[in-house]
S.K.: 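Below is one structure. I have some questions about it.
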Amino acid sequence: MNGLFITFEGTEGCGKSTQITLLAERLRKLGHPVHVTREPGGTPIGEEIRHTLKHSKNNSAMTWEAELLLMNASRAQLVREFIRPALARGEIILSDRFYDSTTAYQGYGRQLELPAVQGIIDLAVGDTRPDLTLLLTVSPEVSAARLRSRQATMPFVRDRFEESDRAFFDRVLQGYELIALAEPWRVRKVDGTSTVEAIHDAIWRLVEKELPPVADTV
Ligand code: TMP
């Protein structure tokens, strides 16, 4: 594989989507072939699974184990249908979440057994691992406030994850901290409470070092 695989992680309201858009625009202006994707989702099958996980009116009874498997069913499809072929063509992929979300949300948040969670992730991704992971950090208070304002603008869109309680999100945050400590060479923390421009600059400094020469990526 000679492409570049960058994932974005963080809790709700950490500002990932804005930063992914800015980074993709900057890379495209420089002539890099860039694709943006998201999890759960990113393929037709994955988007159906996303609906089941997040918005379906039938999902209130979903068990944590079913949630774990559906997240990774979506991931297994995305990796094989989209990520591997794009990396093999030398392209850059920016993904809004990847397997660290499963470790943080289903492992630490839902408190499923970590070795079992890791086994499912390994099956879903094989040797397809991110080259760089940008973890946008915001405090639980900032995350909750941003979530409230998002819900106020979209009051009719129900989201199963956003209904979780504060203790769950605290465990997710703690999980992300432990993930960053365990793999500091891959997972780079970025302060998500700065201005949009300052966050973009910090991200750019980390990404720039990883970029292949433009001529080599096409
Ligand atoms: P988002 O697209 O708004 O970030 O929503 C995705 C939700 O799914 C978010 O609450 C995090 C959650 N999630 C998991 O719990 N496990 C996973 O593996 C992934 C990819 C997402």
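Counting starts at 1 for both ligands and their atoms, following the listed order.
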S.K.: Identify, with sequence neighbours excluded, every residue that meets side chain to side chain donor-acceptor pair (under 3.5 Å) alongside S74.
M.R.: none

S.K.: Would the number of heavy atoms belonging to other residues, nucleotides or ligands and lying under 6.0 Å from CD of E113 be above 12?
M.R.: no

S.K.: Should we say atom CD of E48 is surrounded by more than 12 heavy atoms from elsewhere, each under 6.0 Å from it?
M.R.: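 Counting other residues, nucleotides and ligands, CD of E48 stays at 12 neighbours or fewer.
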
S.K.: Ring of F168, cation from R110 - is the NZ or CZ under 6.0 Å from the centre and inside 45° of the axis?
M.R.: yes

S.K.: Could you tell me whether the side chains of R26 and H200 share a donor-acceptor contact shorter than 3.5 Å?
M.R.: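 The answer is yes; a qualifying pair exists.
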
S.K.: Could you name the protein residues that come within less than 4.0 Å of ligand 1, counting only heavy atoms, and order them by chain and residue number?
M.R.: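 E12, K16, E39, P40, R50, K54, M71, R75, R97, S101, T102, Y105, Q106, F161.
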
S.K.: Are the charged groups of R75 and E39 less than 4.0 angstrom apart, N to O?
M.R.: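 Looking at R75 and E39, the cut-off is met.
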
